[in-house]
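Heads up: the structure comes next, in structure tokens.
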Amino acid sequence: MKHTHIIEAQQFNKRALQEILSAADHIRERAERNLPLDLLKGKLLGNLFYVRSMRTNLSFDCAMKRLGGQVTPIDFPEEFSSELSGGGFEDTIRVVSSLVDLIVLRHYQSGSAKRAADISSVPVINGGDGPAQHPTQALIDLYCIEKLKGGIDGVSIAFIGDLLNSRTVRSLVYFLAKYSGIKVSFASPRALRIGEDTQGYLRENGIPYGESVDNAEELQDIVSGADILYLTQIPAARFTAHPEDYARSREIFRIDRELLKIMKKDTYIMHPLPRDYELPGEVDGDPRAVYFDLIRYGQFLRMGLLCLVLGVSAD
Ligand code: NCD
């Protein structure tokens, strides 16, 4: 996987995914056994963020530093480079890739990670490109599912929330489609239904899925049957023309004590964060609420991935 760009979920087959998850396991074992972790000493990561980010930026920063490497943060490059007046994005990538060993890119435009990868002389990791994909967050989700459920094949997962605009949902669905026996349910407000591209990918890969729209009763059935609940935020801004629909969504798409009661004991609640009303604080104490545990899994996963793309073995 040395020098592979990490751009979108479709680029990986199951074998490559398992290689990434194993690298995360190797890092975790090293950390737990207090073995040296400075595998990337002397390497430099350019954290190129065109858009504000706390979790992804910090997580890559910590991952690289824990591996003994260094990080150069490049925040909002358009504001202090000539990118907007001339030169453009491509020149920024040429400059940055001449100076660092790999780039993590977050950008507001779909397809920007691919554009960067086409000209970069070092590996590019997509840290979120507009509404399109966020493959490393979805790899973390995949790793978390594997650890919690003892494997990924055969898992039944329900995606709940703003499914139309969630890049983490898209990336994760594309990853899951590589596994066998997966069952998927989608539950969302009508205006935020899962995109046709994602549904088409599931059909092509023979993954059965169901969809429920604006329906509290169906949501109960979905919640009680799934192994994993994957929630995303439903931003009020999506409903400016129809505030009454937002009020209705707030009533339906939230985990509360009633839904906790009907969930199976070994169903886990995941969320990429940031969260809003869909996950009230009262859920946090439930042992099935694992959204903050994801962050620790995420460290191991991103550390393993950094090693892989730089061609350094974590075994
Ligand atoms: C994502 C984010 O904040 O960009 N969360 C995360 O990286 N942990 C959520 C998203 O992509 O929508």
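Residue indices begin at 1 and follow the sequence shown. Nothing here was measured: the structure is a model prediction, and the numbers come from that model.
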Notebook entry, point to check: Does a sphere of radius 6.0 Å around NZ in Lys147 hold more than 12 heavy atoms from other residues, nucleotides or ligands, not counting ones at 6.0 Å or beyond?
Noted result: yes
Check: Side chain of Arg170, backbone of Ala132: donor and acceptor closer than 3.5 Å?
Finding: yes
Next item on the list: Please test Ile145 against Phe175 for side chain to side chain contact (heavy atoms under 4.5 Å, CB included), starting from the C-alpha separation and ending with a verdict.
Entry: CA-CA 12 Å; Ile145 294 170; Phe175 281 141; over 6 Å; no
Checklist line | Side-chain touch Lys114/His5, heavy atoms, less than 4.5 angstrom | finding: no
Check: Quick one: does Thr267's side chain have a donor or acceptor within less than 3.5 Å of a partner on Ala226's backbone?
Finding: yes
Notebook entry, point to check: Would you say the side chains of Gln220 and Glu258 form a donor-acceptor pair under 3.5 Å?
Noted result: no
Margin query: Looking at every non-hydrogen atom in both residues, tell me the closest pair between Ser171 and Gln133 and how far apart they are.
Written below: OG-OE1, 2.9 Å
Next item on the list: Look at the side chain of Arg288 and the backbone N and O of Leu260, then say whether any donor-acceptor pair between them is shorter than 3.5 Å.
Entry: yes
Next item on the list: Report whether Leu99 and Met64 are members of the same hydrophobic cluster (ILVMFWY, side-chain heavy atoms less than 4.5 Å apart, transitive linking).
Entry: no
Check: For Arg203 and Tyr209, does a side-chain donor sit closer than 3.5 Å to a side-chain acceptor?
Finding: yes
Check: Between Arg115 and Gln109, does any side-chain donor sit less than 3.5 Å from a side-chain acceptor?
Finding: yes
Next item on the list: Taking all heavy atoms of Ala314 and all of Ile27, pick out the closest pair and write down the distance.
Entry: CB-CD1, 3.8 Å
Checklist line | Beyond-backbone contact of Asp129 with Leu105, side-chain heavy atoms, under 4.5 angstrom | finding: no
Next item on the list: Could you check Asp286 against Tyr268 for side chain to side chain contact (heavy atoms under 4.5 Å, CB included), going step by step and ending with a plain yes or no?
Entry: CA-CA 10 Å; Asp286 192 287; Tyr268 295 98; over 6 Å; no
Next item on the list: Before giving the answer on side chain to side chain contact (heavy atoms under 4.5 Å, CB included), spell out for Ile157 and Leu172 the whole-Å C-alpha distance, their side-chain angles and the decisive distance to 0.1 Å.
Entry: CA-CA 11 Å; Ile157 179 163; Leu172 182 54; 4.2 Å; yes
Check: When rounded to the nearest 0.5 angstrom, what distance separates NZ in Lys43 from CG in Asp38?
Finding: 13.5 Å
Check: Does Ile269 belong to the same Ile/Leu/Val/Met/Phe/Trp/Tyr cluster as Val169, with side-chain heavy atoms less than 4.5 Å apart forming each link?
Finding: no
Notebook entry, point to check: Around Arg254, counting heavy atoms of other residues, nucleotides and ligands shown, do more than 12 lie under 6.0 Å from its CZ?
Noted result: yes
Notebook entry, point to check: Got a donor-acceptor contact below 3.5 angstrom from the Ser97 side chain to the Val122 backbone?
Noted result: no
Notebook entry, point to check: Got a second to check how far Asp227's CG is from Leu148's CG, nearest 0.5 Å?
Noted result: 11.0 Å
Next item on the list: Determine, step by step, whether Glu146 and Gln18 satisfy the side chain to side chain contact (heavy atoms under 4.5 Å, CB included) criterion, reporting the C-alpha distance in whole Å, the side-chain angles of both residues, the deciding distance to 0.1 Å, and the verdict.
Entry: CA-CA 10 Å; Glu146 187 191 52; Gln18 287 311 124; 3.3 Å; yes
Checklist line | Heavy-atom side-chain proximity of Leu39 to Arg30 below 4.5 angstrom | finding: yes
Checklist line | Glu217 atom CD, neighbour heavy-atom count above 12 within 6.0 Å | finding: no
Checklist line | Residues, nucleotides or ligands: over 12 heavy atoms within 6.0 Å of Lys14 NZ | finding: yes
Item checked: Over 12 foreign heavy atoms within 6.0 Å of CD, Glu32 -> yes
Next item on the list: Count the heavy atoms of every other residue, nucleotide or ligand shown that sit under 6.0 Å from CZ of Arg55, and state whether that count exceeds 12.
Entry: yes
Checklist line | Distance (rounded to the nearest 0.5 Å) between Glu278 CD and Leu229 CG | finding: 12.5 Å
Next item on the list: Would you indicate whether the side-chain heavy atoms of Asp141 and Gln137 approach each other to under 4.5 Å?
Entry: yes
Item checked: Leu308 and its side-chain contact (heavy atoms from CB on, under 4.5 Å) partner, picked from Lys2, Met1, Met303 -> Met1
Item checked: Closest contact, heavy atoms only, Leu17 versus Lys178 -> CD1-CG, 4.0 Å
Next item on the list: Measure the shortest side-chain to side-chain distance between Cys307 and Leu67 over non-hydrogen atoms and say whether it is less than 4.5 angstrom.
Entry: yes
Margin query: One pair to check against salt bridge (charged side-chain N to carboxylate O under 4.0 Å, His left out): Arg248 and Asp245. What are the steps and the verdict?
Written below: CA-CA 5 Å; Arg248 191 171 141 74; Asp245 289 349; 5.7 Å; no
Notebook entry, point to check: Which one of Asp61, Asp75, Asn57 satisfies the side-chain hydrogen bond (donor to acceptor under 3.5 Å, both in side chains) criterion with Asn47?
Noted result: Asn57
Check: In terms of hydrophobic clustering (I, L, V, M, F, W, Y; side-chain heavy atoms under 4.5 Å; direct or indirect links), are Ile140 and Ile295 co-clustered?
Finding: no
Note to self: Restricting to non-hydrogen atoms, name the atom on Ala63 and the atom on Leu306 that form the minimum distance, rounded to 0.1 Å.
What the structure shows: CB-CD1, 3.9 Å
Check: Any donor and acceptor pair, going by atom type alone, linking the side chain of His242 with main-chain N or O of Glu244 inside 3.5 Å?
Finding: no
Next item on the list: Indicate, with yes or no, if Tyr230 and Ile182 share a hydrophobic cluster defined by side-chain heavy-atom contacts under 4.5 Å among Ile, Leu, Val, Met, Phe, Trp and Tyr.
Entry: yes
Note to self: Are more than 12 heavy atoms, taken from residues, nucleotides or ligands other than Glu218, located less than 6.0 Å from that residue's CD atom?
What the structure shows: yes
Note to self: Less than 4.5 Å apart, side chain to side chain, heavy atoms only: is that true for Ile234 and Phe239?
What the structure shows: yes
Notebook entry, point to check: Is the backbone N or O of Gly181 less than 3.5 Å from a side-chain atom of Asp153, with the two atoms forming a donor-acceptor pair by type?
Noted result: no
Item checked: From His107 atom NE2 to Asn126 atom CG, the distance as rounded to the nearest 0.5 Å -> 11.0 Å
Check: Given side chains that start at C-beta, do those of Thr232 and Phe159 come closer than 4.5 Å, heavy atoms only?
Finding: no
Check: Taking atom NE2 of His3 as the centre, does the number of heavy atoms from other residues, nucleotides or ligands within less than 6.0 Å exceed 12?
Finding: yes
Notebook entry, point to check: Of the non-hydrogen atoms in Gln11 and Ile6, which two are nearest, and what is the gap between them?
Noted result: OE1-C, 3.7 Å
Check: Should Val71 and Leu102 be regarded as members of a common hydrophobic cluster, given that ILVMFWY residues are connected when their side-chain heavy atoms come within less than 4.5 Å of each other, either directly or indirectly?
Finding: yes
Next item on the list: Please assess Glu8 against Arg167 for the test salt bridge (charged side-chain N to carboxylate O under 4.0 Å, His left out), listing each intermediate value before the final yes or no.
Entry: CA-CA 10 Å; Glu8 57 179 15; Arg167 55 190 170 197; over 6 Å; no
Next item on the list: Working to the nearest 0.5 Å, report the span between CG of Asp284 and CG of Leu279.
Entry: 7.5 Å
Next item on the list: State the CZ-CG distance between Arg190 and Leu164, to the nearest 0.5 angstrom.
Entry: 13.5 Å
Checklist line | Cation over ring face, Arg106 and Phe49, 6.0 Å, 45° | finding: no
Margin query: So does Asn165 get a backbone contact from the side chain of Asp162, meaning a donor-acceptor N/O pair under 3.5 Å?
Written below: yes
Notebook entry, point to check: Is there a side-chain contact between Leu231 and Tyr291 (heavy atoms, below 4.5 Å)?
Noted result: no
Next item on the list: State, to 0.1 Å, how close Leu305 and Thr136 come at their nearest heavy-atom pair, and which atoms those are.
Entry: CD2-CG2, 3.6 Å
Notebook entry, point to check: Hey, are Asn205 and Tyr174 close enough side-chain-wise for a donor-acceptor pair under 3.5 Å?
Noted result: no
